[in-house]
2 protein chains.
Amino acid sequence: MPKAKPLTPAIIAEAALRIGDRDGAKAMSMRRIAGELGCDPMALYRHFPDRQALLDAVADLAMADVRDPDPGANWDHRLHALVTGIRAAALRHPGIAPHVAARPPLAEQGQRLGAAMMTALTQAGLSPADAIRTSQTLVAYAASALAMAVQGGTRDERWHQVSDTLSSLPDAPPGDGLPATGSDEQFEFGLRLLLLGIRHVAAADAGA
Amino acid sequence: MPKAKPLTPAIIAEAALRIGDRDGAKAMSMRRIAGELGCDPMALYRHFPDRQALLDAVADLAMADVRDPDPGANWDHRLHALVTGIRAAALRHPGIAPHVAARPPLAEQGQRLGAAMMTALTQAGLSPADAIRTSQTLVAYAASALAMAVQGGTRDERWHQVSDTLSSLPDAPPGDGLPATGSDEQFEFGLRLLLLGIRHVAAADAGA
DNA sequence: ACCTGAACACCGTTCAAGT
DNA sequence: ACCTGAACACCGTTCAAGT
């Protein structure tokens, strides 16, 4: 179903996100996106140098509805809300989530979220240099949590095997009732681990 | 250059790894692998259900030369060596590294490394349940560090922009001399953050 | 019954030909 | 000068035809 004419990068990215939400990651091909917009596939190349650049724009767009929660809250609440929000936003768009995990959004939304994390970490008492290093670590963890929850545009059952595999080792842990690898609970555990480490570094930075 | 006849999953995985090392991730196609082995592309399907399963085997193979360092060492030294070793092994095979990052190796090597991490964490004093949760977090972090260092089978320059982007924010940190996102130094920082958190949890588990 | 390779239904991107 | 779409060089996988 062809549409009107005026193409912009934003319109293209929105169409691609729609297709990804509907039909998965592999459906976001140049041909399918052009079909959705009713234009020639080659027309997309006048707005993006290649498919990778187009998907970068889609990934950034998917981060648009992550809110930086009330700036008056504690730094750890803010950080927790931000990182959780990034993961949740990506999971709301499973088609583009693998791309978010593989390549950090660096456009408008990526910069906004990066800035929010930096202020929360500075608020925590980290030195500017450590705040940057920590931001990168949190981005890495959020990305990985995404890759684990999503595979090829659908929530990935296979990761559950990691938990099963680890549970079946000699040291014999309980096994049942443990969070699966890509689950919300497992994500929360790792994030708490990182926040504990951050608190420690913050104390050291403040003491220095 | 066709070779001899007998195909096994191991021989196929070795050929694919060789191609990936030489020509990158996209070169590991069913057709190219078959060409390397001098067989029909369809012959591969008698040993693997699909391409994804074949790449899973290649990813596991790439972990084969990670050593569990001297078991007498401190738990944090062992963990550090294991996680660093996983990342280094994957970076030695950049063609398969993105796949290692996206899907954890669960075959022979994956189970061996999982078991090694579990014993180190138990040694640290963690409860079995927390040891599993922490293993998963460490796997997640290692995977992410890989995704950041490698893109499409080559070390990714684009991630350096994350560091640049964060450095250019209002709060104005020094900017120069900071580790780039996919770098060894940045990886070490995040790993130390996690080890600090683990030490904290270990103390709590021991006290309970 | 097993194996092969032609064929199907796609890709991203180049580039020559049209306007 | 700009835009188009045919064509190139690939994919993973199915399946009918051969042995």
Side-chain angles (χ1 to χ4, degrees), chain A residues 1-9 11-13 15-59 94-96 98-99 102-103 151-154 156 158, chain B residues 1-9 11-13 15-59 94-96 98-99 102-103 151-154 156 158:
Chain A
M1 42 187 73
K3 287 190 177 183
K5 301 200 78 174
L7 280 189
T8 65
I11 288 175
I12 294 170
L17 186 59
R18 216 152 50 223
I19 295 172
D21 288 348
R22 195 199 308 140
D23 298 320
K26 303 179 66 173
M28 289 184 291
S29 71
M30 302 305 266
R31 282 167 158 95
R32 290 274 302 264
I33 296 165
E36 172 94 0
L37 292 164
C39 71
D40 190 277
M42 284 310 102
L44 305 176
Y45 285 87
R46 273 186 293 122
H47 298 92
F48 297 100
D50 53 24
R51 181 169 181 260
Q52 180 107 287
L54 195 160
L55 293 182
D56 286 346
V58 177
I96 198 63
H99 195 264
R103 291 173 61 98
Q151 185 74 32
T154 47
D156 184 15
R158 183 175 167 282
Chain B
M1 41 189 74
K3 286 191 177 184
K5 300 200 78 177
L7 280 189
T8 65
I11 288 175
I12 294 170
L17 185 59
R18 215 153 49 222
I19 294 171
D21 288 347
R22 194 199 308 140
D23 297 322
K26 303 179 68 174
M28 291 184 291
S29 72
M30 302 304 266
R31 282 165 159 94
R32 291 273 303 262
I33 296 165
E36 172 93 1
L37 291 163
C39 72
D40 190 277
M42 284 309 103
L44 306 176
Y45 284 87
R46 273 184 294 120
H47 298 92
F48 298 100
D50 54 24
R51 182 170 181 258
Q52 179 107 287
L54 195 161
L55 293 182
D56 286 346
V58 178
I96 198 64
H99 195 263
R103 290 173 62 100
Q151 185 75 29
T154 46
D156 183 15
R158 183 176 168 280

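To find a chain, count down the sequence lines: A is the first, B the second, and so on, and within it residues start at 1.
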**OP:** Go ahead and write out DNA chain D as dot-bracket, 5' to 3': ( ) for pairs within the strand, [ ] for ones crossing earlier pairs, | when the partner sits on another strand, dots for unpaired; Watson-Crick or G-U wobble, both distances under 3.5 Å.
**Re:** ||.|||||...|||||.||

Original post:
Would you say Arg46(A) reaches dC2(D)'s phosphate, i.e. side-chain N/O to OP1/OP2 under 4.0 Å?
Top reply: no

**OP:** Return the minimal non-hydrogen interatomic distance between Arg51(A) and Ser29(A), and the atom names on each side.
**Re:** NE-CA, 4.2 Å

Subject >> Nearest heavy atoms of Phe48(A) and Ala57(A), plus distance in Å >> reply: CE2-CB, 3.8 Å

Original post:
Which heavy atom in Met28(B) sits nearest to a heavy atom in Gly95(B), and how many Å separate them?
Top reply: CE-O, 3.3 Å

Original post:
When every nucleotide of nucleotides 6-13 of chain D is labelled 5' to 3' by its protein contacts under 4.0 Å (heavy atoms), B for base, S for sugar-phosphate only, - for none, what sequence of letters results?
Top reply: -B---BBB

**OP:** Locate the shortest heavy-atom distance separating Pro6(A) from Ile11(A); write the atom from each residue and the value.
**Re:** O-CD1, 3.4 Å

**OP:** Please report the closest heavy-atom contact between Leu54(B) and Ile12(B), naming both atoms and the distance.
**Re:** CD1-CG2, 3.8 Å

Subject >> Counterpart residues, side chain to side chain donor-acceptor pair (under 3.5 Å), relative to Asp50(B) (two or more places apart) >> reply: none

Original post:
Can you tell me how far C1' in dA9(D) sits from the matching atom in dC10(C), rounded to whole Å?
Top reply: 13 Å

Original post:
Rounded to the nearest 0.5 Å, how far apart are CG of Leu55(A) and NE2 of His99(A)?
Top reply: 4.5 Å

Original post:
So do Leu7(A) and His47(A) actually touch side chain to side chain, heavy atoms under 4.5 Å?
Top reply: yes

Subject >> Separation of the P atoms in dC8(D) and dG18(C), to the nearest angstrom >> reply: 16 Å

Original post:
When you compare dG12(D) with dT14(C), how far apart are their C1' atoms, in angstrom units rounded to a whole number?
Top reply: 23 Å

